[in-house]
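Atoms considered below: every heavy atom in the structure, side chains included; atoms not considered: hydrogens, waters and symmetry mates.
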Amino acid sequence: MTFKHNFKKVLSATAFAAALVVAPAANVSAATNDASSTQQSATATSQDQQASQDQATSQSSAANQSSSTSTSSATSTSTVKKVAKKTSKKKAVKKVAKKTSKKATKKTKKTSKKATKKTTKAATAAVTASADQSQATDQQDDAAKKAAEAAAKKAAAAKKAAAKKAAAKKAAAKKKAAAKKRAAAKKKAAAKKKAAKKSAEKAAKYWIAMRESGGYYTARNGSCYGRYQLLISYLGGDLSKKNQERTADRYVYGRYGSWVNAKRFWLAHNWY
């Protein structure tokens, strides 16, 4: 702002000096024209003798005016030189200021460009680092997610296998228990059947003994002897109760297969 103001002042001073130079010249020109008109008029009305005198007077007036013009012109020239010198100084100052300003601007631009480049580089590095970190984080998240999914899948498979194993074990235990139960039932049934058979055998044996001897071990009918009326020769000379029981069982099981069958035969033939 100061520079512009000074420059305007210099321009105003220069214009003023030029006006000073031009103004006397304009005055001289006007005076000369007036004198010439007066001289011509005098020449037209006067004699030729007075023309010389008027001419001399006109020349003297012109000389005085020329001297005045020279003095004014010198003053104006001095003022113009001063103004020009001052203007030159201001121009030099302006040039130096402009050069300094340009240099400072250039330096500022260079510094700003360097700072911008450095900032851009740092920002790029930061963005790259952030991107790398983000990518690494994403990779870690993906790896953790995959590991979690694999662990969950493995746990689910282990749980399924354990459940299957437990179910198989339970089924096997149930099957074993059922088989054991069936075996027990079968054994019980067999035992019951055996007991029933034994009871039936015992009852049939008792029934025959009662029909043959009335249940006496000493009963005798001809060549037959004892509780079951066996031939004496079957007893081999041993008439004891134990030998009679053993010999009777051997005879019945050997001939009929059971006392029940022997009873059935007896019912059909009244003997066995």
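Every residue was checked against the side chain to side chain contact (heavy atoms under 4.5 Å, CB included) condition with D142, not counting sequence neighbours, and none meets it. Every residue two or more places apart in sequence or in another chain was checked for a side chain to side chain donor-acceptor pair (under 3.5 Å) with T218, and none qualifies. Scanning for ring pair (Phe, Tyr, Trp, His ring centres under 6.0 Å) contacts around Y216 gives an empty result, with sequence neighbours left out. With sequence neighbours excluded, no residue satisfies side chain to side chain donor-acceptor pair (under 3.5 Å) with D141.
Through direct or indirect side-chain contacts shorter than 4.5 Å among Ile, Leu, Val, Met, Phe, Trp and Tyr, M210 is connected to Y206.
Looking only at side-chain heavy atoms (C-beta outward), E245 and K205 come within less than 4.5 Å of each other. Using a 4.5 Å heavy-atom cutoff, the side chains of S223 and I232 are not in contact.
Residue F265 is grouped with residue I208 when hydrophobic side chains (ILVMFWY) are merged at heavy-atom distances under 4.5 angstrom, including chains of intermediate members.
Pairs of residues two or more places apart, or lying in two chains, that qualify as ring-ring contact (aromatic ring centres under 6.0 Å, His included) and include a residue from residues 220-241 are Y228-W259, Y234-Y251. Applying the salt bridge (Lys or Arg N to Asp or Glu O under 4.0 Å) definition to pairs two or more places apart or across chains, none involves residues 146-162. Within the structure, side-chain hydrogen bond (donor to acceptor under 3.5 Å, both in side chains) pairs that include any residue of residues 261-272 comprise E212-W266, S258-N261, N261-R264 (at least two apart or interchain). Within the structure, side-chain hydrogen bond (donor to acceptor under 3.5 Å, both in side chains) contacts touching residues 176-196 (residues at least two apart or in different chains) do not occur.
For S213 against G226, the heavy-atom pair with the smallest separation is CB-O, 3.4 Å. Residues V252 and A262 share a closest heavy-atom pair of CG1-CB, 3.8 Å.
Rounded to the nearest 0.5 Å, atoms SG (C224) and CG (L231) are 5.0 Å apart. Here the OG1-NZ distance, from T247 to K242, works out to 12.0 Å after rounding to the nearest 0.5 Å.
Under the 3.5 Å distance criterion, the side-chain polar atoms of N243 are matched with a main-chain donor or acceptor of L235. Side chain of Q244 to backbone of Y217: a donor-acceptor contact under 3.5 angstrom is found.
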Please assess R227 against K241 for the test side-chain contact (heavy atoms from CB on, under 4.5 Å), listing each intermediate value before the final yes or no. CA-CA 8 Å; R227 182 180 176 88; K241 294 179 180 180; over 6 Å; no

